[in-house]
Amino acid sequence: AQKVTQAQTEISVVEKEDVTLDCVYETRDTTYYLFWYKQPPSGELVFLIRRNSFDEQNEISGRYSWNFQKSTSSFNFTITASQVVDSAVYFCALSGETSGSRLTFGEGTQLTVNP
Amino acid sequence: GAGVSQSPSNKVTEKGKDVELRCDPISGHTALYWYRQRLGQGLEFLIYFQGNSAPDKSGLPSDRFSAERTGESVSTLTIQRTQQEDSAVYLCASSLAASGSAPSVEQFFGPGTRLTVL
């Protein structure tokens with residue numbers, strides 16, 4: 001069975017602080033994919049990143065960066081110099097060979113960035 | 001182009017009634033997914049369509065839930081004899097056909113239908 005754990009239910013920071021959202025996953029698949037989605041108050045999920053299990057290179061996109069470590073089964077997400085517009089629920093998700101096309105989501109982390 | 005659309009955006013119904021939720025995927029997307037999101041929780045997979053067939057229905061919680069897709073386009077999720085525990089946001093997503101055994105393609109999500117069963 002696949003599982004995604006986002007241990008941080010809620011995080012509150014002040015604008016311009018850096019913040020890291022943790023994601024730990026469990027899978028027996030050799031080939032799998034990890035995703036991060038953002039769900040702003042409007043409710044619509046917005047895709048942020050996809051990473052496959054064979055690519056452990058970290059990725060940076062503007063203020064966002066992701067750290068994938070297979071050794072610890074983690075795929076953490078860091079927002080640098082956070083802004084109020086970053087306030088949202090962030091979901092980590094996993095798909096793999098045995099799960100077919102379904103995404104297995106974590107419970108989400110509610111990030112609040114205060115001015 | 002237009003994204004995934006869902007209707008209605010909100011639905012309030014009485015326990016025991018049937019409801020139909022509609023999803024219009026992005027044009028050209030052959031894969032379509034339904035998820036359920038209970039208040040304050042993550043998304044639970046319900047069903048996946050590739051074209052008009054549903055190779056994976058394993059997430060449907062009971063036989064009161066069914067879904068169909070026609071014309072490789074619109075999909076309808078039907079919940080019969082609704083119960084209060086069915087109250088949730090129902091999200092639809094679409095994607096290009098997943099290739100290989102581990103789907104890597106991005107799923108694009110609609111705004112969801114908020115279902116409240118009184």
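No hydrogens, no waters, no symmetry mates; every other heavy atom, side chains included, goes into these values.
- Of all the heavy atoms in A/L111 and A/D86, the pair that sits closest is CD2-O, 3.8 Å.
- A donor-acceptor pair shorter than 3.5 Å cannot be found between the side chains of A/T80 and A/Y64.
- Taking the six-membered ring for Trp, A/Y37 and B/F109 have ring centres closer than 6.0 Å.
- Distance check, rounded to the nearest 0.5 Å: OH of A/Y33 to CD of A/E97 gives 9.0 Å.
- Proximity to chain B (any heavy atom under 4.5 Å) is restricted, for A/Q39, to the side chain, taken from C-beta onward.
- Looking only at atom types and distance, the side chain of B/Q37 has no donor-acceptor partner in the side chain of B/Y35 under 3.5 Å away.
- When the options B/L32, B/T30, B/D56 are evaluated for a side-chain contact (heavy atoms from CB on, under 4.5 Å) with B/F49, the one that passes is B/L32.
- Residues B/R38 and B/E44 are paired through a salt bridge, judged by an N-O separation under 4.0 Å between the basic side chain and the carboxylate.
- Ranking A/L103, A/T9, A/V46 against chain B, the residue ahead of the rest is A/L103, based on heavy-atom pairs under 4.5 Å.
- Checked against a 6.0 Å centroid threshold, the rings of A/Y25 and A/Y32 count as neighbours.
- Listed in order of number, the residues of residues 72-94 of chain B that approach chain A to under 4.5 Å between heavy atoms are B/L91.
- Chain B is approached within less than 4.5 Å, heavy atom to heavy atom, by no residue from residues 67-79 of chain A.
- Checked against the 6.0 Å centroid criterion, the rings of A/F35 and A/F91 do not qualify as a close aromatic pair.
- Residues B/F45 and A/F105 place their aromatic rings such that the two centres sit no closer than 6.0 Å.
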